[in-house]
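Both backbone and side-chain heavy atoms feed into the values below; hydrogens, waters and symmetry mates do not. Only a predicted model underlies this, so the values are computations on that prediction, with no experimental measurement involved.
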Amino acid sequence: QVQLVESGGGLVQPGGSLRLSCAASGSIFRLNAMGWYRQAPRKERELVAHITSDGSTNYADSVKGRFTISGDNAKNTVNLQMNSLRPEDTAVYYCKAMIRTMTVLREYWGQGTQVTVSS
């Protein structure tokens, strides 16, 4: 019954910024890792950024220096600050979490939020 809800997507001009947020709710013992993925039309889903519970991060080469992932364990939330956005960043962005509950350890996915970079 864990649920992930993304927010913060929308339309932004090239060079602009957006901040995505993903909040996990439910019977959560531990968030082992959380990440952001994106999928553009006719393209496969790709990893954008990833963060572990100890704060270790990893980024796709295409977003290094522009995007920053951060987490708030107390709020069971992960954020993605996106700066210097480009049209090629346009995609549906999905939150993914590896969550330990009372019974299982497994991946959970949000429904996605649309990010459109256009003038």
Which atoms form the tightest heavy-atom contact between [X] and [Y], and what is the distance?
X      : Y     : value
Arg38  : Ala91 : CB-CB, 3.8 Å
Ser27  : Gln1  : OG-NE2, 3.6 Å
Leu18  : Gly10 : CD1-O, 4.0 Å
Gly110 : Tyr94 : O-CD2, 3.7 Å
Cys22  : Met34 : SG-CE, 4.1 Å
Ala24  : Leu4  : CB-CD2, 3.3 Å

* Are side-chain heavy atoms of Ile28 and Arg30 found at a separation under 4.5 Å? ->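 SC-SC contact between Ile28 and Arg30 ruled out.
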* Heavy-atom distance under 4.5 Å between the side chains of Val92 and Thr113, does that happen here? ->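 With C-beta onward as the side chain, the pair stays apart.
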Are [Y] and [X] co-members of a hydrophobic cluster defined by side-chain heavy atoms under 4.5 Å apart?
X      : Y      : value
Leu31  : Trp109 : no
Tyr108 : Val48  : yes
Leu105 : Phe29  : no
Leu20  : Val12  : yes
Tyr37  : Met98  : no

* To do: Determine, step by step, whether Ile69 and Val78 satisfy the side-chain contact (heavy atoms from CB on, under 4.5 Å) criterion, reporting the C-alpha distance in whole Å, the side-chain angles of both residues, the deciding distance to 0.1 Å, and the verdict.
  => CA-CA 7 Å; Ile69 189 170; Val78 64; 3.7 Å; yes
* To do: Using a cut-off of 6.0 Å, state whether more than 12 heavy atoms not belonging to Arg19 lie near its atom CZ.
  => no
* Within a radius of less than 6.0 Å around CD of Gln111, do more than 12 heavy atoms belonging to other residues, nucleotides or ligands occur? ->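 At most 12 heavy atoms, drawn from other residues, nucleotides or ligands, come within 6.0 Å of this atom.
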* Is Glu6 reaching over with its side chain to a backbone N or O of Gly112, donor-acceptor style, under 3.5 angstrom? -> yes
Decide whether [X] and [Y] meet the rule of one side-chain donor and one side-chain acceptor closer than 3.5 Å.
X     : Y     : value
Thr77 : Asp72 : no
Asn79 : Gln81 : no
Asn83 : Ser17 : yes

* To do: Take Val5 and Gln3 through the test side-chain contact (heavy atoms from CB on, under 4.5 Å) and record every step on the way to the result.
  => CA-CA 7 Å; Val5 179; Gln3 184 176 2; 3.8 Å; yes
* Please, which pairs that meet disulfide bond (SG atoms under 2.5 Å apart) have at least one residue in residues 34-92, sequence neighbours excluded? ->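 Counting only pairs at least two positions apart or across chains, no disulfide bond (SG atoms under 2.5 Å apart) contact touches residues 34-92.
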* **Thr52 vs Asp54, side-chain hydrogen bond (donor to acceptor under 3.5 Å, both in side chains): CA-CA, chis, key distance, verdict** => CA-CA 5 Å; Thr52 63; Asp54 65 357; 2.3 Å; yes
* salt bridge (charged side-chain N to carboxylate O under 4.0 Å, His left out): pairs with one or both residues in residues 90-101, sequence neighbours excluded ->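 Counting only pairs at least two positions apart or across chains, the salt bridge (charged side-chain N to carboxylate O under 4.0 Å, His left out) contacts touching residues 90-101 are Lys96-Glu107.
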To the closest 0.5 Å, what do you measure between [atom1] ([X]) and [atom2] ([Y])?
X      : Y      : atom1 : atom2 : value
Ser118 : Leu11  : OG    : CG    : 6.5 Å
Thr90  : Leu85  : OG1   : CG    : 8.5 Å
Asp89  : Thr116 : CG    : OG1   : 11.0 Å
His50  : Tyr59  : NE2   : OH    : 11.5 Å

* Apply the test ring pair (Phe, Tyr, Trp, His ring centres under 6.0 Å) to residues Trp36 and Phe67: give CA-CA distance (whole Å), side-chain angles for both, the deciding distance (0.1 Å), then the verdict. => CA-CA 11 Å; Trp36 288 95; Phe67 292 9; over 10 Å; no
* Tell me, please, which residues at least two apart from Lys64 pass side chain to side chain donor-acceptor pair (under 3.5 Å). =>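 Only Asp61 meet the side chain to side chain donor-acceptor pair (under 3.5 Å) criterion with Lys64.
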